[in-house]
Amino acid sequence: MNNETVSFVTRTGNKYIYDNNSGQIFCEMGARKREQISEFKKKIGQYKKQPIEIITESQVNDFLMKNGYKQLQLEVTTGCNLRCKYCCFSECYEYTRSHGSDFMSWDVAQKAIDEYYSNFKIVKQNNPTRNACVSFYGGEPLLNFKLIKSVTEYIAKKYPMFQTDYNITTNATLLDEKIGDFLVKNNFAVLISLDGDKETQDRNRVFANGGGTFDVVMKNLKAFRKKHPGYPKLAISACYDPTIDFEKIEQFFNEEKLLVAKHAFIDGTNTTYFDRFTPTDWENFQKNQRKFRDKYILAAKPFSKDEFISYSVGVGYMEFAFHIMYGDKRNSITPYTGTCVPGEKMYVATDGTVHMCEKVNPRYSIGNVNSGGLDAKKIADIANEYNREIATHCQNCEISKVCSLCFKAFGGADGFVYDENICNNLKDHVRETLVEYAELLEKRPQEVERITGEYFGKVMEAIGEGC
């Protein structure tokens, strides 16, 4: 890799070049083709790298009034009735809070709602088609269902002029008929954490006493689907680690006809979770993952949009393609990496402290609903620190347009710390994805358009379009 391109070869022997300046993938076939590539690059001119500026409070305020307040996330409790082994709040993760027992009060929730909507109405003027979005998070949010109900009723009464999209992520162990009816009545997007079949689920997603959760989750899920058949805003969030049996969970989700909106590898940032796996575990995982992806790439005919493999494999390539396009539209506050601008969404903790999101080191708070809401100075300071310590390494990066790293990857105990290994691992992953994406285009080019159109519409409805 150099500072402009990534060269790679597919298994058919075709040579390609990904040009980060233009975001284009070229097939390199002889001198004439290389000459055409050179001519193309001359036409688009020298790619203008975004400058890294000192960010001011005024810039932050201006950005937030145009592009902020996309989502209000309420951490209604730090408590959880599960002790999932890979949970970001477990002892495996260094820079996140631990499991707690705090519950958000109505006073804090009301202040958060009023702060969010008072600013959202200004943002709405600049984005007329945008809906308000309110999400409930934990811990396990259904432990504080009383507050969820109160929040929803309050918004309906005080802010009926705005269409509000609601969503909730839940382990579903407390999802009874009463709660299910409420969620459907209020058009909630319901995302249920379920990793797969009984063996897969019970390996990591366990109750506090160590008992498996599969039977309880499936009982409640089946009851919900029986009471509300075809509910379009129900989806699954599944996680996996190197022990995954792709074929087994594929069979499970297909037989249960469950829409898996998120199928994510367990977060490997600042964690000891993966210490338990051996080199053999990783070698077997890589072989099995490649076999499963090849099943999709080399298929003689397309899979149905409802099949698990379309979610697990196909969509990853489409998101990769979209990321290239979005790379040209970075903002001036955080011009590099895939990070957001703090304040695009408000993650309000139980005590009223506002954070960037649920994933970032809590030392980077960006305000408090008890004392004025978002703090533009704090946001500017965070952006300037991040740009100084991290983004200065990005200007000549050959994959800057497809970078998915964010504040979370580099946030340490005392500030943002650049780690070259993190970037190199991502570069390796991008190269592998480029190869697989090109192979898919070689074998089934029509699949790109099909999965993009059919899948994303369904998923956006299921997880909440405004969120």
Please answer whether the main-chain N or O of Thr334 pairs with a side-chain N or O of Arg330 as donor and acceptor at a distance below 3.5 Å.
yes
Of all the heavy-atom pairs spanning Ala172 and Val217, show the shortest one and how long it is.
CB-CG1, 4.1 Å
Given the rule in the side chain to side chain contact (heavy atoms under 4.5 Å, CB included) test, do Leu82 and Phe207 qualify, once you have shown the distances and angles that lead to the verdict?
CA-CA 4 Å; Leu82 270 57; Phe207 287 107; 3.8 Å; yes
Out of Glu247, Glu250, Glu307, which one pairs with Lys295 under the salt bridge (Lys or Arg N to Asp or Glu O under 4.0 Å) rule?
Glu250
Measure the spacing between NZ of Lys111 and OG of Ser105 and express it to the nearest 0.5 Å.
8.0 Å
Under 6.0 Å between the ring centres of Phe277 and Phe285?
no
Does any part of the side chain of Asn131, heavy atoms only, come nearer than 4.5 Å to the side chain of Phe162, both counted from C-beta?
no
Pair Thr278, Asp281: side-chain N/O donor-acceptor within cut-off below 3.5 Å
yes
Is Arg293 salt-bridged to Glu432, cutoff N-O under 4.0 Å?
no
Whether Phe224 and His228 hold their rings parallel, tilted or perpendicular, with breakpoints at 30° and 60°
tilted
For Lys149, does the NZ atom have more than 12 heavy-atom neighbours from other residues, nucleotides or ligands under 6.0 Å away?
no
Counting neighbours of NZ on Lys227 that are heavy atoms of other residues, nucleotides or ligands and sit closer than 6.0 Å, is the number greater than 12?
yes
Under 3.5 Å donor-acceptor, Asn424 side chain and Asn421 backbone
no
Could you tell me if the side chain of Tyr240 sits less than 4.5 Å from the side chain of Asp195, heavy atoms only?
no
Backbone N or O of Asp165 within a donor-acceptor pair of the Asn187 side chain at under 3.5 Å?
no
Distance-only donor-acceptor check, side chains Asp197 and Thr200, under 3.5 Å:
yes
Which of these passes side-chain contact (heavy atoms from CB on, under 4.5 Å) with Gln201: Asp215, Ile249, Thr213?
Thr213
Check for a donor-acceptor pair, side chain of Tyr273 on one end and backbone N or O of Lys85 on the other, with a separation under 3.5 Å.
no
Evaluate Glu53 against Ser332 for side-chain hydrogen bond (donor to acceptor under 3.5 Å, both in side chains), listing each step before the verdict.
CA-CA 8 Å; Glu53 306 171 348; Ser332 61; 4.8 Å; no
Aromatic plane relationship, Phe292 with Phe246 - under 30° parallel, 30 to 60° tilted, over 60° perpendicular:
parallel
Gln59 side, atom CD; Leu64 side, atom CG - distance, nearest 0.5 Å
11.5 Å
Nearest 0.5 angstrom please: Thr350 OG1 to Phe103 CZ, how far?
10.0 Å
Which residue in the set Thr152, Asp181, Thr164, Ile155 passes side-chain contact (heavy atoms from CB on, under 4.5 Å) when paired with Asn186?
Thr152
Ala380 and Glu57 have their tightest heavy-atom pair at CB-N, 4.2 Å
How about Ile390 and Leu405: do any of their side-chain heavy atoms sit closer than 4.5 Å?
no
Under 3.5 Å, is there a donor-acceptor pair between the Thr353 and Asp351 side chains?
yes
Does Asn126 have more than 12 heavy atoms from other residues, nucleotides or ligands lying within 6.0 Å of its CG?
yes
Distance-only, no hydrogens or angles: does the Tyr93 side chain make a donor-acceptor pair with backbone N or O of Asp267 under 3.5 Å?
yes
Is it true that a side-chain atom of Thr269 and a backbone atom of Ala409 form a donor plus acceptor pair closer than 3.5 Å?
no
Main chain of Gly412, side chain of Asn361: is a donor-acceptor contact present, judged purely on distance under 3.5 Å?
yes
Strictly by modelled atom types, are Thr78 and Arg97 linked by a side-chain donor-acceptor pair under 3.5 Å?
no
Determine the interplanar angle of the Tyr154 and Tyr159 rings, folded into 0 to 90°, and report it as parallel if under 30°, tilted if 30 to 60°, perpendicular if over 60°.
perpendicular
Please indicate whether Glu256 has more than 12 foreign heavy atoms, meaning atoms of other residues, nucleotides or ligands, lying under 6.0 Å from its CD.
yes
Student check: side-chain heavy atoms of Ile52 and Gln395 closer than 4.5 Å:
yes
Is it the case that the side chain of Asn144 and the backbone of Thr77 share a donor-acceptor pair, with hydrogens and angles ignored and the cut-off at 3.5 Å?
no
Without hydrogens or angle criteria, can the side chains of Asn204 and Asp241 be said to hold a donor-acceptor pair below 3.5 Å?
yes
Please check if the distance between the ring centroids of Phe416 and Tyr386 is under 6.0 Å.
yes
Nearest non-hydrogen partners of Ala261 and Ala235, listed with the distance
CB-CB, 3.8 Å
Between Phe188 and Tyr166, what is the ring plane arrangement, given parallel below 30°, perpendicular above 60°, and tilted in between?
parallel
So that I can tick it off, tell me whether Glu358 and Lys345 are bridged by a salt bridge, with the cut-off set at under 4.0 angstrom between side-chain N and carboxylate O.
yes
Got a donor-acceptor contact below 3.5 angstrom from the Ser90 side chain to the Tyr86 backbone?
no
Is it the case that the ring center of Phe407 lies less than 6.0 angstrom away from the ring center of Tyr364?
no
About how many Å separate CD1 of Ile297 and OH of Tyr317, when rounded to the nearest 0.5 Å?
3.5 Å
Distance check, rounded to the nearest 0.5 Å: Ile179 atom CD1 versus Ile148 atom CD1?
8.0 Å
CA sep, side-chain torsions, deciding dist, call: Lys70, Glu344, salt bridge (charged side-chain N to carboxylate O under 4.0 Å, His left out):
CA-CA 6 Å; Lys70 294 177 180 177; Glu344 287 191 64; 2.9 Å; yes
Determine whether a donor-acceptor pair (N or O, by modelled atom type, separation under 3.5 Å) exists between the side chain of Ser312 and the backbone of Phe308.
no
Is Arg225 close to Leu221 at the side-chain level, that is, under 4.5 Å between some pair of heavy atoms?
yes
Looking at Lys359, I'd like to know if its NZ atom is crowded, meaning that more than 12 non-hydrogen atoms belonging to other residues, nucleotides or ligands lie closer than 6.0 Å.
no
Distance-minimising heavy-atom pair for Gly352 and Asn370
CA-ND2, 3.9 Å
Ignoring hydrogens and angles, state whether a donor on the side chain of Asn119 or Glu115 is under 3.5 Å from an acceptor on the partner side chain.
yes
Does the side chain of Arg276 come within less than 4.5 Å of Cys92's, by heavy atoms?
yes
Spatial distance of atom CG (Leu142) from atom CZ (Phe136) [nearest 0.5 Å]
10.5 Å
Report the residue from Asn171, Thr170, Asp176 that forms a side-chain hydrogen bond (donor to acceptor under 3.5 Å, both in side chains) with Thr173.
Asn171
Compute the ring centroids of Phe274 and Phe265, then answer whether they are less than 6.0 Å apart.
yes
Any heavy-atom pair between the side chains of Pro141 and Thr169 that's under 4.5 Å?
no
Suppose we call two aromatic rings close when their centres sit under 6.0 Å apart. Are Tyr311 and Phe253 close by that rule?
no
Less than 3.5 Å apart, any donor N or O on the side chain of Asn127 or Tyr69 sitting next to an acceptor on the other?
no
Should Ile55 and Ile379 count as side-chain neighbours, where that means a heavy-atom distance under 4.5 Å?
no
